[in-house]
Each structure stands twice: as C-alpha cells, then as structure tokens.
Amino acid sequence: MTTESEEKISPPNFIRDIISNDISENKHDNIITRFPPEPNGYLHVGHAKSICLNFGIAEDFKGVCNLRFDDTNPEKEEQEYIDSIRQDVEWLGFHWETNPSASDYFDQLYSYATQLIKKGLAYVDSQNADDMRSNRGSLTEAGKNSPFRDRSIEENLQLFVDMKNDKYSDGEHALRAKIDMSSPNINMRDPVIYRIRHATHHNTGNKWCIYPMYDFTHCLSDAIEGITHSLCTLEFEDHRPLYDWFLDKLETPCHPQQIEFARLQLKYTLTSKRKLNQLVQENIVDAWDDPRMPTISGMRRRGYTAQSIRAFSEIIGVTKKDSTIEMGVLENCLREDLNKRAIRRMAVINPVKVIIENYPEDQEEMVTGKNHPQDPQFGTREIPFSREIYVEQDDFMEDAPRKFFRLSPGREVRLRFAYYVTCKEVIKNDDGSIREIICTYDPESKGGKSPDGRKVKGTIHWVSAKHATTASVRIYDRLFNISNPAKLDDFHNALNPDSLITLDNAKLEPSIETVRQPLAYQFERLGYFIADTHSTNETPIFNRTMSLRDSWAKIEKEQNNS
RNA sequence: UGGGCCGUCGCCAAGCGGUAAGGCACUGGGUUUUGAUCCCAGCAUGCGUAGGUUCGAAUCCUGCCGGCCCAGCCA
C-alpha cells in the first residue's frame with residue numbers, strides 16, 4: 001500500500017518562478033488563482049493540466065484557488081456540466097473555498113459597463129453583425145469606425161438601459177468598448193462587451209436579456225475575486241492588452257496578472273470540447289464518460305487513478321511552447337501508480353480448456369497466491385485448483401518457436417502458484433479449432449517448485465473451470481488511428497474501428513469482486529482492470545485500464561518480420 | 001507582406017554568460033513463480049540557422065529560416 005502523506009512540491013516552471021519573485025518582492029499578501037471552466041461540456045485531460053497547475057500553485061504557495069464557472073453564454077451552458085465539473089475537480093483531489101460563477105457578478109458587471117459609457121469609453125453600436133465584421137478590417141487592413149461610434153454619453157446610457165430592459169431584439173444593438181479601430185491587434189478594434197440574447201440562463205434564469213462577453217467578464221471577475229495570477233492558455237495572449245485595458249480604465253479592487261501557457265495536446269487524441277461533444281452526439285462513443293474518452297470522467301471510468309493524472313500533469317511541465325505529448329508518458333504514469341496499488345488476481349480472457357488427466361476427477365484443493373509480488377502488506381489468498389482449468393489461448397501454440405516459454409506439445413510450464421504441467425495432446429473440433437488440451441501434472445511441484453529443482457522457464461495464469469466466474473471484458477484502444485486528429489476537419493475517417501473489443505467469455509478467479517471496487521486489480525500477465533460502473537454480480541463487466549508492458553509482443557513481431 | 005508567441009536528443013523538459021540535468025521512448029545486461037516489476041549501463045563536441053560581442057555564448061546582439069495563434073454579438 002502507498003502512503004500519500006509526504007508533501008510533494010511540484011517542479012519549478014516559469015509561472016512558479018514569476019510567482020516566487022512576486023512573493024519575494026512582497027507584491028501580494030497571499031496567492032489566489034482560479035480555474036475558470038465554461039460549463040458547456042465535460043472536463044478533459046487538458047483541463048486536468050490546468051487544474052493541477054492552478055490548484056497546485058495555490059497549495060504550494062499556501063494560497064487558494066477558486067473554482068469559477070465562466071458562464072456568460074446561456075445558450076451553451078447547463079447544470080449537468082456544472083455537476084460534472086465539480087465532481088471531476090474533487091475527484092482529482094483538489095478543494096476550493098469558493099465556487100462562484102461569473103453570472104454572480106452580472107449586476108457589478110453591468111455597473112462597470114455603465115461606468116465605461118460615462119467615461120466615454122464605450123458606446124452602443126447599432127450596426128448589424130455583418131457590417132460590424134466588414135468594418136473590422138482584416139489582418140493587414142485597419143478597420144473603419146462605426147457610424148454610431150460618436151453617440152453622446154447620454155444617448156449611450158439610455159440605449160444601454162433600454163437594452164437591459166428588453167426593448168430590443170437579439171442583435172439589434174451591442175455595447176462596444178471604444179478603443180482603436182486601426183489597432184494591429186484585432187481584439188482592440190472596439191470589441192463587443194455586451195450583446196442582447198433572449199435566453200434562459202441556468203443560474204440567473206430570465207433576469208437578463210443582455211450578457212457580457214468573455215474579455216469584459218473575465219478580467220473583472222478576476223479583479224472582484226482578488227485573483228493575483230490569472231493563468232490561461234496561449235491563444236489568449238493577444239487578449240492580454242484588452243484584459244489590462246479594462247482593468248486600467250475601471251476602478252477595480254486589484255489588477256491581476258494574466259500569464260499564458262501552452263495547452264496540453266496528446267498524440268492520437270482530441271481535446272476539444274466541441275469535437276468530444278460531437279463524438280457523444282453521434283453515438284460514436286456511449287457518453288462523455290465512455291472509457292475511451294480523454295475526459296476526466298471517461299478516464300475515471302476506465303480505471304485511471306487521480307494520482308496518475310496528477311503525476312502526469314506534473315511531469316509534462318509548463319511552458320509556452322506548443323507541444324504534443326506522446327501517449328507513452330501518460331501510460332507510464334498510470335502503470336507506475338497502478339503497479340504499486342493494484343491487487344493481483346488471475347483471469348483468463350480468451351479461455352481454452354485444459355484437462356489434467358492424472359489429477360483425480362473428484363479432487364479439488366487450494367493453492368496460495370500472493371496478492372502483490374513485492375508488497376507483503378497486500379497479503380495472500382487461497383485459490384481453488386481442480387482437474388479442469390482454463391488457460392489463455394495465446395499461451396498455447398502447436399508449433400512453437402524455441403523462445404516460446406509457454407504451453408506447447410511436450411513442453412512443461414508452471415501454472416502460477418500451483419503445479420508444473422506438461423502438454424500431452426491437443427483435441428480439436430471438426431473445424432480444426434482447439435477443443436481442449438490434455439496435460440499431466442507433477443504432484444511434487446505444488447506451489448510452483450519441484451524438489452529436484454529443475455528449471456521451468458514459463459509461468460502461465462489459469463482459472464479453475466468449475467470455480468470460475470464468467471464476465472464480459474472490454475479491451476480499449478485509441479479512438480483515432482492518426483497521431484493528430486485535431487488537425488482534421490472531419491475526423492470520421494480517422495476513427496479506429498478496434499477502439500473497443502468486447503470479450504464475453506472471460507473466466508475470473510472467484511475472489512474477484514464484480515461490482516466496482518475502490519482498488520484496482522491487476523489480472524496477472526494481462527494488465528490492469530477495474531469493474532465498470534455498470535458492472536453487477538449478475539452481469540460482471542471489466543474494463544481493461546491498461547495493458548502490462550509486453551516485451552514478448554516485440555520479440556514475436558520481430559520474428560514475423562524476419 | 002499587420003500583430004502576438006515559440007524553436008535544447010524521437011517526444012517532453014532543465015538551463016538565466018563559465019563549458020548540455022531529468023523523464024518517456026529506444027538499445028544492451030542482471031534479478032524474477034507475471035516475457036510484469038525492479039536494478040545496472042548506453043543514448044546531444046552540441047542547443048533552428050548565419051554572423052557578431054566576449055578570455056568564454058544554449059544563455060547577450062543582429063539578420064534569416066521554420067512553426068503556432070488572432071478578423072464570433074463563443075470562451
């Protein structure tokens with residue numbers, strides 16, 4: 001078992017360096033960060049990186065991190081997403097003291113907008129969206145001022161009140177910041193800060209028909225909460241001048257510092273809420289928590305541990321460089337964690353029957369198995385053994401190469417924790433498939449060693465046929481066949497048809513619990529498994545979380561290639 | 001060809017003017033009743049590139065090359 005009590009300080013990165021400097025210069029009394037998801041989808045691994053960064057910094061610098069819902073777009077946001085986000089952050093092991101929503105600040109935001117108008121720094125534009133777009137210019141051409149740009153403060157104030165008081169329909173007017181239509185930074189070309197949208201908001205209901213935009217809302221929400229460091233991804237770098245502009249022009253409690261870092265990209269996976277949503281909507285996956293999904297809920301259901309995801313987030317680092325992490329890094333973090341905590345059991349997922357002809361028909365006995373090969377704290381268990389057992393189809397080969405250390409006619413192998421058996425004969429069905437394998441066992445070899453000390457190279461796992469539990473096992477693989485599916489406009493052709501393989505006749509050692517356990521299993525020689533959340537005693541379902549490293553597979557591949 | 005940002009081993013990533021950490025992957029070897037785990041060893045005369053400054057440059061300066069982001073009343 002592992003202890004998680006040791007306080008681990010995360011490795012340094014450029015953001016932590018900035019914060020450390022700020023602290024040594026006494027810029028802040030204490031550090032406050034925030035994780036600000038929009039509740040318009042489920043959280044994914046990319047969010048995990050941000051969560052670990054923001055909450056991790058708060059923990060290490062003895063500050064706090066707010067979980068704030070950035071909910072200014074009522075048409076996309078739902079309570080379901082709010083619930084899932086809270087659950088995911090908690091599951092990852094982080095705690096928030098405050099869990100505000102940007103929508104909690106709508107009154108204050110409205111008042112800030114009014115202040116901007118009064119300072120002559122915002123105006124109501126009555127151009128339609130198309131005109132606004134064409135007047136914005138292009139990357140290389142300056143924009144043109146709106147014909148409504150010079151309305152009087154009084155007129156703007158009245159129009160804005162009327163917008164709020166439901167006098168207009170969607171799109172008829174918009175409030176814009178008056179900055180500079182010829183700015184080389186397009187975000188500064190009089191950005192819209194309030195738009196009219198007659199929609200019911202999950203939090204404020206029908207109180208508002210105007211909603212503030214992200215750029216206006218985010219910096220002010222940060223200031224209201226006294227955020228010291230506002231960490232976001234690279235694409236917001238161009239927005240920082242705007243972030244600072246609002247805070248400079250308005251009288252706010254403080255001026256947080258926005259710092260941008262590169263978002264996580266993982267090979268062979270999608271981290272876009274829009275596209276993940278598409279996978280769900282088109283039933284390409286079962287749900288947001290389908291074990292193939294890179295969502296936190298999907299990974300949790302698959303059997304990932306929170307600790308492995310946190311370790312991963314830490315090991316990949318935080319920089320401003322666009323990068324794509326190989327899956328192997330995530331897998332390594334998972335295996336490393338699961339190896340320490342998984343309880344060992346035996347299960348056969350592609351069974352073939354073995355009959356031990358010299359073992360008495362009516363006899364059965366118990367053999368003792370370690371629950372963890374290295375950690376004695378896991379204890380041992382008794383495993384029933386009898387004349388008929390199941391072994392893995394892959395562990396038998398009729399014409400086996402010399403290096404195949406498993407069952408083959410004339411060869412002797414060890415049944416893990418039980419006896420040495422020697423393959424005598426193969427009985428086939430009419431179609432040539434193997435019906436059963438006949439073996440003999442050495443009664444002297446109980447426990448897996450013989451008095452004469454002879455070497456048996458191979459050890460295979462097994463399950464007593466009459467004592468086995470039958471279960472369905474799901475083997476997962478990457479959802480996409482190409483390493484960068486995010487680049488594709490249409491990802492359908494890149495879907496991996498074998499991302500889910502279901503094996504319905506798996507045989508489990510009887511001591512395996514078939515309802516979801518807090519502790520993961522390692523099915524020896526096969527991988528890490530966990531009961532699915534839908535598994536029951538009547539219909540047991542196991543997800544393979546991750547395979548074990550398999551150096552035999554490599555050898556086999558090389559032989560086939562030569 | 002406007003603006004912003006980034007380029008250190010296959011993939012990440014330290015390094016902050018004194019002579020290239022670490023992880024993953026890979027390769028070789030050892031232990032092993034999981035071909036797992038574990039252990040040991042190897043893996044950048046070079047930091048996009050060309051110049052310059054300096055006794056000394058991945059680190060400072062200049063040019064060039066390559067990549068990413070921005071023209072939602074989305075976030």
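Quick note: numbers below take in every heavy atom, side chains included, and nothing from hydrogens, waters or symmetry partners. A, B, ... follow the sequence lines: proteins, then strands. Residue 1 opens every chain.
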Between B:A75 and A:Tyr214, is there a base-stacking contact, meaning the centre of the base's six-membered ring lies under 5.5 Å from the residue's ring centre while the planes stay under 30° apart? no
Could you tell me whether the phosphate oxygens of B:A75, OP1 or OP2, come under 4.0 Å of any side-chain nitrogen or oxygen in A:Thr72?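 Checking B:A75 against A:Thr72, a side-chain N or O does come within under 4.0 Å of OP1 or OP2.
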Does A:Arg133 have a side-chain nitrogen or oxygen under 4.0 Å from the phosphate oxygens OP1 or OP2 of B:G72?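 The answer is yes; a side-chain N or O of A:Arg133 sits under 4.0 Å from OP1 or OP2.
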[X] vs [Y] aromatic rings, parallel, tilted or perpendicular, using cut-offs 30° and 60°?
X: A:Phe385; Y: A:Tyr441; value: tilted
X: A:Phe529; Y: A:Phe523; value: parallel
X: A:His47; Y: A:His44; value: tilted

Are the ring centres of A:Tyr214 and A:Phe236 closer than 6.0 Å? yes
Applying the side-chain contact (heavy atoms from CB on, under 4.5 Å) test to A:Ser230, which of A:Glu225, A:Arg34, A:Glu260 qualifies? A:Arg34
Looking for any heavy atom pair under 4.0 Å, which part of the strands does A:Asp550 touch: base, sugar-phosphate only, or nothing? nothing
Sugar-phosphate, base or nothing in reach of A:Met132, heavy atoms under 4.0 Å: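 Contact class for A:Met132: base.
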Between [Y] and [X], is the closest basic N to carboxylate O distance under 4.0 Å?
X: A:Arg525; Y: A:Glu392; value: no
X: A:Arg68; Y: A:Asp222; value: yes
X: A:Glu38; Y: A:Lys273; value: no

Consider the side chain of [X], meaning its heavy atoms from C-beta on, and name the nucleotide among [options] that approaches it most closely.
X: A:Asn339; options: B:G35, B:A75, B:U37; answer: B:U37
X: A:Asn187; options: B:G2, B:C70, B:C24; answer: B:C70
X: A:Arg195; options: B:A75, B:G4, B:G35; answer: B:A75
X: A:Glu235; options: B:C69, B:C73, B:C24; answer: B:C69

Strand-adjacent residues in residues 264-277 of chain A, judged by heavy atoms under 4.0 Å from RNA chain B: A:Lys267
Taking atom C1' in both B:A50 and B:G4, what distance in whole Å separates the two?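 Those two atoms are separated by 25 Å.
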If I take atom [atom1] in residue [X] and atom [atom2] in nucleotide [N], what distance separates them, rounded to the nearest angstrom?
X: A:Arg240; N: B:G4; atom1: CZ; atom2: P; result: 11 Å
X: A:Arg416; N: B:U37; atom1: CZ; atom2: C1'; result: 11 Å
X: A:Met188; N: B:G72; atom1: CE; atom2: C1'; result: 18 Å

Is there a donor N/O on one and an acceptor N/O on the other, under 3.5 Å, for the side chain of A:Arg344 and the base of B:U34? yes
Distance under 6.0 Å and angle within 45° of the ring axis: does A:Arg197 meet both against A:Tyr211? no
When you check the glycosidic angle of B:G7, does it come out syn, meaning within 90° of 0, or anti? anti
Protein-proximity profile, nucleotides 12-17 of chain B, B/S/- by nucleotide at the 4.0 Å heavy-atom cutoff, equals SSS---
